[in-house]
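Below is one structure; the comments refer to it alone.
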Amino acid sequence: MSRALRWIWACWAALVVLLATTTGLAFLPLGRWNLAVAIAIASLKALIVVVFFMELRRSSGLVRVFAGAGFLWLLILLGLTGADYSSRHENYIPNAFQRHELPAKR
């Protein structure tokens, strides 16, 4: 078996193990650490895909800069989405499925 094929199988096995870990941790009550652990595992999976399957480790510097810029843009969008979500209040969100009662007839 060639060295490249061993790396591919090792990356695949790591991704499967991380998937099983994510699934298993979904059933554990981690409290406020649940989101942090899930994001850490997802980041590790994304790093494996980017470095090994997208072959950024052997690519030129310009390709790495643009890949980093894409992730930076993703972080900016996620940050702005989180800021928008956290600044909303429940009384400002309309409920489209709420039933409005009509005044009673006399």
Side-chain angles (χ1 to χ4, degrees):
M1 187 183 296
S2 70
R3 186 170 186 223
L5 194 56
R6 272 187 260 144
W7 271 109
I8 290 174
W9 281 108
C11 292
W12 177 80
L15 289 171
V16 169
V17 167
L18 288 171
L19 174 66
T21 305
T22 303
T23 306
L25 286 176
F27 295 103
L28 293 178
L30 298 178
R32 55 190 305 200
W33 290 99
N34 196 9
L35 181 63
V37 171
I39 288 177
I41 292 173
S43 299
L44 187 59
K45 289 191 281 190
L47 184 68
I48 289 172
V49 169
V50 166
V51 170
F52 294 107
F53 290 116
M54 292 176 61
E55 296 182 359
L56 279 185
R57 124 187 106 141
R58 291 189 302 244
S59 62
S60 67
L62 187 62
V63 173
R64 290 181 188 176
V65 166
F66 276 99
F71 280 110
L72 179 65
W73 182 247
L74 178 65
L75 288 176
I76 290 171
L77 290 176
L78 289 174
L80 290 173
T81 302
D84 179 49
Y85 181 76
S86 67
S87 67
R88 292 182 184 235
H89 300 290
E90 190 173 325
N91 56 353
Y92 292 129
I93 300 173
N95 188 355
F97 299 107
Q98 187 176 14
R99 204 172 153 192
H100 297 287
E101 298 293 328
L102 296 174
K105 293 184 181 179
R106 293 186 184 191

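For this chain, numbers begin at 1 and follow the sequence in order.
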Point to revise | Common cluster, L47/L15, ILVMFWY with side-chain heavy-atom separation under 4.5 Å | key: yes

Check your understanding: Same cluster for V16 and I48 if Ile/Leu/Val/Met/Phe/Trp/Tyr side chains link at under 4.5 Å?
Key -> no

Check your understanding: Should the heavy atoms of other residues, nucleotides or ligands under 6.0 Å from CZ of R3 be counted, would the total exceed 12?
Key -> no

Point to revise | Non-neighbouring partners of L74 that pass side-chain contact (heavy atoms from CB on, under 4.5 Å), sequence neighbours left out | key: F71, L78

Review point. Does any pair with a residue in residues 35-61 pass ring-ring contact (aromatic ring centres under 6.0 Å, His included), and if so which ones, sequence neighbours excluded?
Key: W7-F52

Exercise for review: For R32, enumerate each residue passing the salt bridge (Lys or Arg N to Asp or Glu O under 4.0 Å) test, keeping only those at least two apart in sequence or located in another chain.
Suggested key: none

List the atom pairs, donor and acceptor, that lie under 3.5 Å between side-chain atoms in residues 17-24 and the rest of the protein, sequence neighbours left out.
from: T21; atom 1: OG1; to: V17; atom 2: O; distance (Å): 2.7
from: T22; atom 1: OG1; to: L18; atom 2: O; distance (Å): 2.8
from: T23; atom 1: OG1; to: L19; atom 2: O; distance (Å): 2.9

Practice item. Any pair with a residue in residues 69-79 that passes salt bridge (Lys or Arg N to Asp or Glu O under 4.0 Å), sequence neighbours left out, goes on the list, sorted by first then second residue, please. Key: none

Point to revise | side-chain contact (heavy atoms from CB on, under 4.5 Å) against L35, all qualifying residues, sequence neighbours excluded | key: I39

Point to revise | Transitive ILVMFWY side-chain link I8 to V51, under 4.5 Å | key: yes

Check your understanding: Should W12 and L5 be regarded as members of a common hydrophobic cluster, given that ILVMFWY residues are connected when their side-chain heavy atoms come within less than 4.5 Å of each other, either directly or indirectly?
Key -> yes

Check your understanding: Please, which pairs that meet side chain to side chain donor-acceptor pair (under 3.5 Å) have at least one residue in residues 65-86, sequence neighbours excluded?
Key -> D84-R88

Point to revise | Within residues 58-67 or reaching into it, pairs that qualify as salt bridge (Lys or Arg N to Asp or Glu O under 4.0 Å) - sequence neighbours excluded | key: E55-R58

**Study point:** L28 with I41, same ILVMFWY side-chain cluster at under 4.5 Å
**Key:** yes

Review point. About how many Å separate CG of L30 and CG of L25, when rounded to the nearest 0.5 Å?
Key: 6.0 Å

